[in-house]
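Residue numbers start at 1 and run along the sequence shown. Atoms considered below: every heavy atom in the structure, side chains included; atoms not considered: hydrogens, waters and symmetry mates.
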Amino acid sequence: MKFFIDTANLNEIEKAHSLGILDGVTTNPSLIAKERITGKKHILRHYVDICKMVDGDVSAEVIATNFEGMVKEGKELTKLHPQIVVKIPMIEDGIKAVKYFSDNAIRTNCTLVFSVGQALLAAKAGATYVSPFIGRLDDISTDGLGLISEIRETYDKCAMKTQILVASIRHPMHIVNCAKLGADAITSPLSAILSLLKHPLTENGLEKFLQDHKKGN
């Protein structure tokens with residue numbers, strides 16, 4: 001399973017990359033705004049800076065919500081760097097844009113997916129990735145992980161090649177369970193990834209080893 005970090009913060013990306021397990025980055029307008037990056041020129045330059053820090057795919061989201069605007073923005077984004085994947089919202093014109101980009105060998109990430117039906121449409125249109133938001137489903141007492149299981153089963157039965165890139169990860173068990181369900185990738189805050197490192201028995205065992213080492217010296 002691929003590990004992506006969901007951020008636009010360069011320090012977080014560098015820290016995740018230094019672990020040696022990072023496969024790429026996903027961003028969105030909210031994450032860009034959080035970094036106080038404004039102005040089209042500066043935002044586009046920031047995407048390039050991110051691409052230079054990682055070896056894998058970098059999802060950059062369009063702002064337009066109509067077909068023509070998405071195509072125009074998507075083309076502009078893909079010219080920035082070969083690693084850019086155009087992030088498209090799951091709306092009617094978004095599906096049209098995904099199909100257009102697929103026909104023109106441009107990779108896409110169809111985002112804001114909350115149902116198997118939406119995932120089917122994204123795959124049928126030729127999306128490279130589909131991003132179901134499991135945390136937001138959990139927030140409304142809906143089984144986010146259940147959706148991943150259903151999409152995985154459906155894609156496998158229909159031989160669909162679109163990769164399931166799970167988004168809205170809230171905690172480390174989301175990551176573990178997505179791996180168990182056969183998700184192709186997750187995109188997560190750095191904190192959830194780092195939490196996978198932690199276990200009290202590891203910490204206690206290391207402390208014991210170090211204490212025994214001091215006794216022997």
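- Side-chain N or O atoms of E73 include one that pairs as donor or acceptor with a backbone N or O of I63 at under 3.5 Å.
- Between the side chain of H46 and the main chain of I37, no donor-acceptor pair closer than 3.5 Å is present.
- Of all the heavy atoms in M53 and L10, the pair that sits closest is CE-O, 3.2 Å.
- Taking 4.5 Å as the limit, every side-chain heavy atom of L80 sits out of range of all side-chain heavy atoms of C51.
- Under the 4.5 Å side-chain criterion, counting only non-hydrogen atoms from C-beta, V85 is in contact with S59.
- Counting heavy atoms from C-beta on, the side chains of D6 and I169 never come closer than 4.5 Å.
- In this structure, I21 is a member of the same hydrophobic cluster as I175, with clusters built from ILVMFWY side-chain heavy atoms closer than 4.5 Å.
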Open item on the list: Evaluate R45 against H42 for side chain to side chain contact (heavy atoms under 4.5 Å, CB included), listing each step before the verdict.
Closed with: CA-CA 5 Å; R45 183 183 302 143; H42 297 294; 3.5 Å; yes
Task: Criterion side chain to side chain contact (heavy atoms under 4.5 Å, CB included) on V166 and L145, from CA distance to verdict - done: CA-CA 9 Å; V166 185; L145 288 170; over 6 Å; no
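- Put simply, CD1 on I50 and CG on N9 are 9.0 Å apart, with the number rounded to the nearest 0.5 Å.
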TODO: Applying side chain to side chain contact (heavy atoms under 4.5 Å, CB included), run through R136 and L112 and close with a yes or a no.
DONE: CA-CA 10 Å; R136 295 192 190 185; L112 291 170; 3.9 Å; yes
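- Across A60 and L77, no two heavy atoms sit closer than the pair O-CD1, 3.6 Å.
- Checking each of K124, Q118, M90 against I95 for a side-chain contact (heavy atoms from CB on, under 4.5 Å) leaves exactly one that passes, namely M90.
- Atoms CG and OG1, on D57 and T128 in that order, are 8.0 Å from each other to the nearest 0.5 Å.
- The OG atom of S191 lies 8.0 Å from the CD atom of E12; values are rounded to the nearest 0.5 Å.
- Here the CG-CG distance, from D184 to D23, works out to 11.5 Å after rounding to the nearest 0.5 Å.
- Of all non-hydrogen atoms in V113 and L147, the two that sit nearest each other are O-CD2, 4.4 Å.
- Taking all atoms of both residues into account, the shortest heavy-atom contact from Y129 to T162 is C-CG2, 3.8 Å.
- Note: F114 and F133 have tilted aromatic rings, judged against thresholds of 30 and 60 degrees for the angle between ring planes.
- Panel note: side chain Q83, backbone G56; a donor-acceptor pair is recorded below 3.5 Å.
- Contact annotation: the side chain of I134 approaches that of C178 to within less than 4.5 Å [non-hydrogen atoms, C-beta and beyond].
- Expressed to the nearest 0.5 Å, how far CG of L165 lies from CE of M1 amounts to 10.0 Å.
- M70 places a side-chain heavy atom less than 4.5 Å from the side chain of P89.
- Hydrophobic clustering (ILVMFWY, side-chain heavy atoms < 4.5 Å, transitive): L201 and L197 are in distinct clusters.
- Put simply, the side chain of K15 reaches to within 4.5 Å of the side chain of L194, judged on heavy atoms.
- Annotation: E92, atom CD; neighbour count of heavy atoms from other residues, nucleotides and ligands within 6.0 Å does not exceed 12.
- The side chain to side chain donor-acceptor pair (under 3.5 Å) test with T187 is passed by exactly one of T27, T26, T111: T26.
- The two residues R107 and P82 come nearest to each other via the heavy atoms NH2-O, 3.1 Å.
- Side-chain contact check for K180 versus N177: some heavy-atom pair is nearer than 4.5 Å.
- Side-chain atoms of S102 never come within 3.5 Å of backbone atoms of V98 as a donor-acceptor pair (strictly under, hydrogens ignored).
- By the 4.5 Å heavy-atom criterion applied to side chains, V86 and I106 are counted as neighbours.
- In this structure, CG on N66 lies 6.5 Å from CG on D93, to the nearest 0.5 angstrom.
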Task: Worked check of side chain to side chain contact (heavy atoms under 4.5 Å, CB included) between L19 and F3 - done: CA-CA 11 Å; L19 289 173; F3 275 57; over 6 Å; no
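- Dense packing is recorded around CZ of R152, with more than 12 heavy atoms of other residues, nucleotides or ligands lying under 6.0 Å away.
- Nearest heavy atoms, V25 versus T7: CG1-O, 3.5 Å.
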